[in-house]
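Single-structure report; data block below.
Position 1 is the first residue of the sequence; numbering continues from there. Remember, it's 1-based here, ligands and their atoms both numbered in the order they're listed. This one's a predicted model, so the numbers in the text were calculated from it and none came from an experiment.
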Amino acid sequence: MLHVLSHTSHLTIPHLKKSSTFANMKVLVTGGTGYIGSHTVVELQQKGFEVVIADNLVNSYRETVDRIAKITGKCPAFEHIDLTDKHLVDQIFAKYSDIQHIIHFAALKAVGESVQQPLKYYHNNINALINILESMRKYAVKNLVFSSSCTVYGQPDVLPVTETSPIQPALSPYGHTKQICEEIITNTTAISNFNAVLLRYFNPVGAHPSALIGEFPIGAPNNLMPCITQSAIGKRPELKVFGNDYNTPDGTAIRDYIHVVDLAQSHVAALERFIGEQNTKKLEIYNIGTGNGFSVLEIIHSFEKVSGKKLNYQIVERRAGDIEKIWADTSLANRELQWKAQSGIDEMMASAWRWEQALSAPNVLR
Ligand code: NAD
Ligand code: UFG
C-alpha cells in the first residue's frame, strides 16, 4: 500500500508533480538503490528524467526499484553490476548509448569498516570512479555529479565551512577515498571536455514522505539517526551519546543534518545547471547542508518531541575520530544551484520515525 503522509509543501506529492521538461534525458545513477540514490531517482523521475540505475546491491535491495516505481508511477531501468568491473561498466554505456548525465553515488561508506579493511574501500570506491570516467570519455558523456562529503574538511578552524575552507588530512580510509576521488575528478576535468560537480554532503537523515524508501543499514548502524530510531522501536536497548565534554553549548557534538529529500533535490539542481549551460567552470563544488548546526542532545529532544517516545540514552566516552562541530555555509549552492534545503529538524525526525515504523511492518524490504 502506498501511504502518503503529511509533509510540507516543498516536497513533491507522488504522481502529481510530473514535468515533461526533461523527458528523454537519460541519467545513469550509480548506487541508485541506496539511501541517497533512491531518493534522488524519485526526484529525477518526478521531473521527467529517464533513469538507469547501476548497483551491485552490496548495501541495498532490489525491491527498492519497485518502491521507486510505486512512488513515481514509473519503473527505472535497473542493471545489477559491480562498477569495479571495467568491462561491465563499458557494457552499460554501450547499451544505453543516449546517457547524458551521470550521478555517481556508488561507494562503500562505513567509516569503521574502512579502518579495518582499507584495501576493500580503496579498491571499490576508486576503481568504480575510474571505470566511470574512462567510459564517459569513450562514449562522450559530458556531465558528472559526484557524491563527496563534508568529511574532507576534518575539524575546520572557522565555521561555517565554505567550499574554499582547507581540506584536512582524512581521519579514515573512507574519508581518504572521497579526497582521492575529488582529486581524480579535478585532474580529469582539467584535461578533458567534460563537466563535473562535487556535492559535499553534510549529514543526511530522514526518509521519503511515503515511508516507502529510507535508510536501511545492513548490520548494526553507526550513524546517529538509525541508532535513535532503532532504540526508540526497541531494536537496541539504549542509545549511547558519545561525549558531553565538547566545547559546544550543551557539551555534545554538533552537525549540519539535512533531510535526504532536500539533499536529493540538490542533484536535480546540479543537472539543471548543466542542462542550462549555467556552469561557469568545468569543475564546481558545493556544500549541501542546511547551514544550521544541531547538537546530539538537540536531535534527541526533537525526536522525543515528534515521536512522543522517551529515549533511553546514556552519555559515554567520546567516539574516536569524531570531530567536535561542523556546519555548512550553503550560500554558494543557494545562489548558483538555486537550491535551498527546506525541511527543519522536527520534520527530519518525523520522517525517520515513520520509516523505522514502516520497516517493522510485514512488507519490509528483503
Ligand atoms: P548507500 O550504501 O545506501 O548507497 C550506496 C550504493 O552503492 C548501495 O546501493 C551499494 O549497493 C552501491 N555500491 C557500492 N559499491 C558498488 C559497486 N562497486 N558497484 C555497484 N554498486 C555499488 O549509501 P548512501 O548513504 O546512499 O551514500 C551515497 C553516496 O553518498 C556514497 O558515495 C557516500 O559515500 C556518500 N555520502 C554519504 C553520506 C551519508 O551520511 N549517508 C555522507 C556523505 C557522503
Ligand atoms: N553519535 C552518538 N551516538 C551514536 C551515533 C552517533 O552520539 O550512537 C554522535 C556522533 O558522535 C556524532 C554525531 O552523533 O557526534 C553524528 O554522528 P554520525 O555517525 O551520524 O555522523 P558523522 O558526522 O560522524 O559522519 C557522517 C558519516 C560520514 C560522513 C559524515 C559527513 O558517517 O560518512 O557524516 O557527511 F562523512
Atoms in ligand 2 flagged as close to [X], the criterion being non-hydrogen separation under 4.0 Å:
{"X": "K240", "answer": "2 (C), 3 (N), 4 (C), 7 (O), 8 (O)"}
{"X": "C150", "answer": "31 (C), 35 (O)"}
{"X": "N222", "answer": "5 (C), 6 (C), 19 (O)"}
{"X": "C227", "answer": "8 (O)"}
{"X": "Y201", "answer": "35 (O)"}
{"X": "V241", "answer": "7 (O)"}
{"X": "A253", "answer": "15 (O)"}
{"X": "T151", "answer": "36 (F)"}

Could you tell me the residue and atom name of the protein heavy atom closest to [atom], and the distance to it rounded to 0.1 Å?
{"atom": "atom 30 (O) of ligand 1", "answer": "Y201 CE1, 3.3 Å"}
{"atom": "atom 8 (C) of ligand 1", "answer": "D55 OD2, 3.5 Å"}
{"atom": "atom 26 (O) of ligand 1", "answer": "I36 N, 2.8 Å"}
{"atom": "atom 3 (O) of ligand 1", "answer": "Y35 N, 2.8 Å"}
{"atom": "atom 33 (O) of ligand 2", "answer": "Y174 CE2, 3.2 Å"}
{"atom": "atom 35 (O) of ligand 2", "answer": "F202 O, 3.0 Å"}
{"atom": "atom 20 (O) of ligand 2", "answer": "L224 N, 2.8 Å"}
{"atom": "atom 4 (O) of ligand 1", "answer": "G34 CA, 3.5 Å"}
{"atom": "atom 10 (C) of ligand 2", "answer": "D322 OD2, 3.4 Å"}
{"atom": "atom 32 (O) of ligand 2", "answer": "N223 ND2, 2.8 Å"}
{"atom": "atom 13 (N) of ligand 1", "answer": "N56 OD1, 3.5 Å"}
{"atom": "atom 24 (P) of ligand 1", "answer": "K109 NZ, 3.7 Å"}
{"atom": "atom 22 (P) of ligand 2", "answer": "N203 ND2, 3.6 Å"}
{"atom": "atom 33 (C) of ligand 1", "answer": "Y174 OH, 3.6 Å"}
{"atom": "atom 12 (C) of ligand 2", "answer": "R255 NH2, 3.7 Å"}
{"atom": "atom 4 (C) of ligand 2", "answer": "F242 CE1, 3.4 Å"}

Please compare [options] and report which has the shortest non-hydrogen distance to [atom].
{"atom": "atom 2 (O) of ligand 1", "options": "I53, V152, N59, V58", "answer": "N59"}
{"atom": "atom 17 (O) of ligand 2", "options": "K325, R236, R319", "answer": "R319"}
{"atom": "atom 7 (O) of ligand 1", "options": "A106, G37, S149, C181", "answer": "A106"}

Can you tell me if [atom1] on [X] sees more than 12 non-hydrogen neighbours from other groups inside 6.0 Å?
{"X": "K325", "atom1": "NZ", "result": "yes"}
{"X": "E317", "atom1": "CD", "result": "no"}
{"X": "K240", "atom1": "NZ", "result": "no"}
{"X": "K309", "atom1": "NZ", "result": "no"}
{"X": "R318", "atom1": "CZ", "result": "yes"}

Problem - Proximity flag Y257 to ligand 2, non-hydrogen atoms under 4.0 Å - result: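 It does; at least one heavy atom falls under 4.0 Å.
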
Region of [X] engaging ligand 1 - heavy atom pairs below 4.0 Å:
{"X": "A128", "value": "neither"}
{"X": "N124", "value": "side chain"}
{"X": "K178", "value": "side chain"}
{"X": "N125", "value": "neither"}
{"X": "I81", "value": "backbone"}

How are the rings of [X] and [Y] set relative to one another: parallel (under 30°), tilted (30 to 60°) or perpendicular (over 60°)?
{"X": "Y122", "Y": "H176", "answer": "perpendicular"}
{"X": "F303", "Y": "W353", "answer": "perpendicular"}
{"X": "H39", "Y": "Y35", "answer": "perpendicular"}

Problem - CA sep, side-chain torsions, deciding dist, call: R62, H80, side-chain contact (heavy atoms from CB on, under 4.5 Å) - result: CA-CA 9 Å; R62 174 70 178 76; H80 185 182; over 6 Å; no

Exercise for the section: Determine the sole option in D262, L263, N223, V261 for which the side chain to side chain contact (heavy atoms under 4.5 Å, CB included) test with P204 is passed. Expected result: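 Answer after filtering D262, L263, N223, V261: L263.
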
Exercise for the section: Scan for ring-ring contact (aromatic ring centres under 6.0 Å, His included) pairs involving residues 312-346, sequence neighbours excluded, and state none if there are none. Expected result: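 Counting only pairs at least two positions apart or across chains, no ring-ring contact (aromatic ring centres under 6.0 Å, His included) contact touches residues 312-346.
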
If you measure every N/O of [X] against every N/O of ligand 1, is any gap under 3.5 Å?
{"X": "S148", "result": "no"}
{"X": "L108", "result": "no"}
{"X": "L83", "result": "yes"}

Exercise for the section: Verify salt bridge (Lys or Arg N to Asp or Glu O under 4.0 Å) between E134 and K138, making sure each step is shown before the conclusion. Expected result: CA-CA 6 Å; E134 284 183 339; K138 183 166 168 191; over 6 Å; no

Is [X] salt-bridged to [Y], going by a charged N under 4.0 Å from an acidic O?
{"X": "E356", "Y": "R354", "answer": "no"}
{"X": "E284", "Y": "R273", "answer": "yes"}
{"X": "K178", "Y": "E182", "answer": "no"}
{"X": "E163", "Y": "R200", "answer": "no"}

Report yes if the distance between the aromatic ring centroids of [X] and [Y] is under 6.0 Å, otherwise no.
{"X": "F22", "Y": "F49", "value": "yes"}
{"X": "Y61", "Y": "F216", "value": "yes"}
{"X": "H267", "Y": "Y201", "value": "yes"}

Exercise for the section: Could you give me the CA-CA distance, side-chain angles and deciding distance for I213 and T64, then say whether side-chain contact (heavy atoms from CB on, under 4.5 Å) is met? Expected result: CA-CA 7 Å; I213 55 173; T64 301; 4.0 Å; yes

Handout entry: Polar proximity ligand 2 side, V111 side, N/O cut 3.5 Å exclusive
Key =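 By distance alone, the answer is no.
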
